[in-house]
Amino acid sequence: LQILAGDLHGLNTLKHQPAKVAAMEGLWETTEGAPLLLFGWPDAASRSNRWAVEIPGGASLILTHELGGKLRGLAEFKDAHPPVAPVFWSFRVMVGTGLAMLAVSWLGAAMLRRRGELPRWLLRVVVAMTFAGWVATLAGWYVTEIGRQPYLVYGVLTTAQAASSVPAPLIGTSLSLYLTLYALLLSAYVSVVFYLARKAGEHRSEQPSPPAPAEPPDGKSRAPAIP
């Protein structure tokens, strides 16, 4: 369902915010059959991608559902497009983290079905991914907010037009208070989660193991009597 929702959202973004999609894909020029750029280094000075690893036609196939589909490049928007690097990298962090979460969950489900329990190494991976959902959400938020620049309301109201007259020190103070509050909430959350995990482990280790079946006096096992 998440993959389907992501596909629908991508089609909607392509229709209403094409400059954001161009920045996400690192697409500098309008292209038919645009490649899917897996990795690369967007260079705004040369308006190109260094060390690009691409899948031919992949971006057009995902965004237009046609291998030869046409995607508008950043050159069409002149100065009315977002900074490329933050949007490009945030998008890949979001997608990569989401795919990692899916892979771990599918692997865990398969192992539970096959073995009835998870191996210790996979449990450690799950613990390491405690904040994976938060990382993916934050990266997606960066794509959304940075990707609509220079607009607040796309094509209608720019960020410069809506800039507040509140002095910068006051904005910095309120931002610092928000960050401090969220840091405290995050610390409390992590502490409680690890406390509950330790208590669950202690409770499991304290449970007595089931008694072994009694051996007959002669040491030979006997078949149960059939009535």
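Reckoned from all heavy atoms, side chains included, excluding hydrogens, waters and symmetry mates. In this text the structure is predicted, and so the values were computed from the model without any measurement.
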Sub-4.5 Å side-chain heavy-atom contact between [X] and [Y]:
X      : Y      : value
Leu27  : Leu74  : no
Trp121 : Arg124 : no
Gln161 : Val153 : no
Val21  : Arg72  : no
Thr97  : Val93  : yes
Lys70  : Thr30  : yes
Arg47  : Val84  : no
Glu25  : Leu36  : yes

Would you compute the distance between atom [atom1] of [X] and atom [atom2] of [Y] and round it to the nearest 0.5 angstrom?
X      : Y      : atom1 : atom2 : value
Leu181 : Ser176 : CG    : OG    : 12.5 Å
Ser105 : Met129 : OG    : CE    : 8.5 Å
His9   : Thr144 : NE2   : OG1   : 5.5 Å
Thr159 : Tyr151 : OG1   : OH    : 10.0 Å
Asp43  : Asn49  : CG    : CG    : 8.5 Å
Gln17  : His81  : CD    : NE2   : 15.0 Å

If you group Ile, Leu, Val, Met, Phe, Trp and Tyr by side-chain heavy-atom gaps below 4.5 Å, do [X] and [Y] land in one group?
X      : Y      : result
Val143 : Trp141 : yes
Leu123 : Met111 : yes
Val53  : Trp41  : no
Leu99  : Leu61  : no
Leu67  : Ile62  : no

Write down the atom of [X], the atom of [Y], and the distance for their closest heavy-atom approach.
X      : Y      : answer
Tyr154 : Ala19  : OH-CB, 3.4 Å
Ile146 : Val87  : CG2-CG2, 3.7 Å
Trp28  : Pro42  : CZ2-CB, 4.2 Å
Ile171 : Val166 : CD1-O, 3.7 Å
Pro150 : Asp79  : CG-O, 4.3 Å
Ala162 : Leu152 : CB-CD1, 3.3 Å

Is there a side-chain contact (heavy atoms from CB on, under 4.5 Å) between Met24 and Leu14 once you walk through the steps? CA-CA 11 Å; Met24 288 160 50; Leu14 178 64; over 6 Å; no

Give a yes/no verdict on a cation-pi contact between Arg198 and Phe194, requiring under 6.0 Å between NZ or CZ and the six-membered ring centre and an angle within 45° of the axis.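 The answer is no; the distance or angle limit is not met.
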
side-chain contact (heavy atoms from CB on, under 4.5 Å) evaluation trace for Thr130 with Val190: CA-CA 9 Å; Thr130 299; Val190 173; over 6 Å; no

Looking at Ala34, is its backbone amide N or carbonyl O close enough to the side chain of Ser60 to form a donor-acceptor pair, meaning the two atoms are under 3.5 Å apart?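 Confirmed, Ser60 side chain pairs with Ala34 backbone.
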
Assess whether atom OH of Tyr142 is packed by more than 12 heavy atoms of other residues, nucleotides or ligands within 6.0 Å.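 No, the 6.0 Å shell around OH holds no more than 12 heavy atoms from other groups.
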
Does CZ in Phe131 sit with more than 12 non-hydrogen atoms of other residues, nucleotides or ligands closer than 6.0 Å?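 Count over threshold, so yes.
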
